[in-house]
A.B. asks: 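Below you'll find the structure I mean.
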Amino acid sequence: MIICTLAYLFILFVTPSAALAGSKYGASLWLTELLPTLLPFFIGIRMFQQSLPQIASRRGALLLGLLCGYPTGAAFVVYQYQRGLLPKHQAYFFLGFANNPSPMFILSFCGSYILHLSYADSVFLFLTIVLTSLLGSLIFSFLYKKRYGVVCAAPSSSSLFTAGKTATFSQYIDDAIEQSFLLITKIGGYVILFCIIGQIVGQFVSLQSASGITALGALEITSGISYLKQAPLSHSTKEILTAMLLCFGGLSAAAQTNSVLAKSGLSVFPYVINKFLNALLAGAIVSLLLRLV
């Protein structure tokens, strides 16, 4: 930890302009994209879980994560896992499957803006990502269960909404806003950190090559995928890389997910391995589909 801290401080002092550019980009991304799009979902999810615990405790509620983007899927999983409703291998399955980029990000930014796909082809890309994540997470969940068995977390409850206590509507809102702002602020810090790292990495790799774009996208998918638009790569290569980066999600999304998993008893490392497996499957499946079409 000390070495990482000193290395980070050294980078800030040695490359101040790149650090400043990355910090500004990350802050702008957080303020203009993540805050207005994620915060309302976080508040809504928190109130949904508190006011409708019977519905929020059903497995079907976990699929709502597919509609909201990182890391809202993880928030649904943690809610059920902490209450002993999910064994650990199933929690990791849903983390890999339901904690994905939002449909709007895939359809509009990746499909239409970056790859210039028709709406139908963009929908097909989204479905491919979902099905690939489902397959990869099933495989990972099976292997995890086979090795570690079925483990459930000990049920826990919120200090405010415990049995025998009745919260007012104002308390529901206050708690939802407080917890949501805490989470979105932590996410903003992770985004800025990884944008700084990405800005510095971008000085040492070619952002016109598949390897350079993959390295940058593995850190933060929005930055990495954005360089595919002007890169001198074949359209099929761009589609394969886009699918792989979307399924992996980037280390920035992993760090955001880790902020949700904190104190839940779930580790981010199996999640990252799951996502890496999903990315490999996505590359293989999209390559096969392009050959068949």
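Every value quoted in this text rests on a predicted model; they were computed, and no experiment measured them.
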A.B. asks: Answer yes or no: are there more than 12 heavy-atom neighbours, outside L292 itself, under 6.0 Å from its atom CG?
C.D. replies: yes

A.B. asks: Could you give the distance from CD1 (I43) to OG (S180), rounded to the nearest 0.5 Å?
C.D. replies: 5.0 Å

A.B. asks: Report the relative orientation of the aromatic rings in F97 and F94; use parallel for angles under 30°, tilted for 30 to 60°, perpendicular for over 60°.
C.D. replies: tilted

A.B. asks: Going from CG on L127 to OG1 on T132, what distance comes out if it is rounded to the nearest 0.5 angstrom?
C.D. replies: 10.5 Å

A.B. asks: With rounding to the nearest 0.5 Å, note down the distance linking CD1 in I273 to OG in S267.
C.D. replies: 8.5 Å

A.B. asks: What closest approach, in Å, do C195 and E220 show between heavy atoms, and which atom pair accounts for it?
C.D. replies: SG-CG, 4.5 Å

A.B. asks: Are there more than 12 heavy atoms of other residues, nucleotides or ligands under 6.0 Å from atom NZ of K24?
C.D. replies: no

A.B. asks: With a distance cut-off below 6.0 Å to the six-membered ring centre and an angular limit of 45° from the axis, does R46 pair with F42 as a cation-pi contact?
C.D. replies: no

A.B. asks: What are the two closest heavy atoms between S23 and I192, and how far apart are they?
C.D. replies: OG-CG2, 3.7 Å

A.B. asks: Closer than 3.5 angstrom, by distance alone: can the side chain of S259 be matched with the main-chain N or O of Q256 as a donor-acceptor pair?
C.D. replies: yes

A.B. asks: Any chain of hydrophobic side-chain contacts (each under 4.5 Å) joining I240 to I129?
C.D. replies: no

A.B. asks: More than 12 foreign heavy atoms under 6.0 Å from NZ of K186: is that the case here?
C.D. replies: yes

A.B. asks: Going through the distances and angles, do T128 and V286 end up as a side-chain contact (heavy atoms from CB on, under 4.5 Å)?
C.D. replies: CA-CA 8 Å; T128 302; V286 173; 4.0 Å; yes

A.B. asks: If you take all heavy atoms of Y70 and C247, which pair is closest and at what distance?
C.D. replies: OH-O, 4.4 Å

A.B. asks: Mind checking whether L62 and L86 have side chains closer than 4.5 Å, heavy atoms only?
C.D. replies: yes

A.B. asks: Does atom OH of Y8 have more than 12 heavy-atom neighbours, drawn from other residues, nucleotides or ligands, at distances under 6.0 Å?
C.D. replies: yes

A.B. asks: Answer with yes or no whether the hydrophobic clustering places L193 together with L29; edges join I, L, V, M, F, W, Y residues whose side-chain heavy atoms lie under 4.5 Å apart.
C.D. replies: yes

A.B. asks: Indicate yes or no for a side-chain donor-acceptor contact from H235 to the backbone of L115 under 3.5 Å, with no hydrogens or angles considered.
C.D. replies: yes

A.B. asks: Whether the side chain of S57 engages the backbone of Q54 through a donor-acceptor N/O pair (distance < 3.5 Å, no angle test) should be reported.
C.D. replies: no

A.B. asks: Could you walk me through whether Q80 and R59 pass side-chain contact (heavy atoms from CB on, under 4.5 Å), step by step?
C.D. replies: CA-CA 9 Å; Q80 293 197 13; R59 298 293 172 86; 3.9 Å; yes

A.B. asks: How long is the span from the CZ atom in F124 to the CG atom in L289, to the nearest 0.5 Å?
C.D. replies: 5.0 Å

A.B. asks: Who else is in the cluster with L182 when I, L, V, M, F, W and Y are joined by side-chain contacts under 4.5 Å?
C.D. replies: none

A.B. asks: Assess, by modelled atom type and distance only, whether the side chains of Y144 and N274 contain a donor and an acceptor separated by less than 3.5 Å.
C.D. replies: no

A.B. asks: Would you give the length of the straight line joining atom CZ of F10 to atom OG1 of T15, rounded to the nearest 0.5 angstrom?
C.D. replies: 9.0 Å

A.B. asks: Might you point out which heavy atoms bring G188 and W30 nearest each other, and give the distance in Å?
C.D. replies: CA-CD1, 3.1 Å

A.B. asks: Any sub-3.5 Å donor-acceptor pair from Y271's side-chain atoms to T257's backbone N or O?
C.D. replies: no

A.B. asks: Start with the C-alpha gap between K238 and I114, add the side-chain angles, then the distance that decides, and say whether side-chain contact (heavy atoms from CB on, under 4.5 Å) holds.
C.D. replies: CA-CA 9 Å; K238 291 182 179 181; I114 299 297; 5.9 Å; no

A.B. asks: Has L288 got more than 12 heavy atoms of other residues, nucleotides or ligands less than 6.0 Å from its CG?
C.D. replies: yes

A.B. asks: Under the side-chain contact (heavy atoms from CB on, under 4.5 Å) rule, what do N99 and V77 come out as? Steps first, then yes or no, please.
C.D. replies: CA-CA 9 Å; N99 195 45; V77 172; over 6 Å; no

A.B. asks: If you draw a 6.0 Å radius around CZ in F276, do more than 12 non-hydrogen atoms from other residues or ligands fall strictly inside?
C.D. replies: no

A.B. asks: Over all heavy atoms of both residues, which pair between I200 and A18 is shortest? Give the atoms and the distance, please.
C.D. replies: CG1-CB, 4.0 Å

A.B. asks: Considering all heavy atoms of both residues, which atom of L134 and which atom of F93 are nearest to each other, and what is their separation?
C.D. replies: CD1-CZ, 3.7 Å

A.B. asks: For Q230, does the CD atom have more than 12 heavy-atom neighbours from other residues, nucleotides or ligands under 6.0 Å away?
C.D. replies: no

A.B. asks: So, taking the atom named OH in Y113 and the one named CD1 in I225, what distance separates them when rounded to the nearest 0.5 Å?
C.D. replies: 13.0 Å

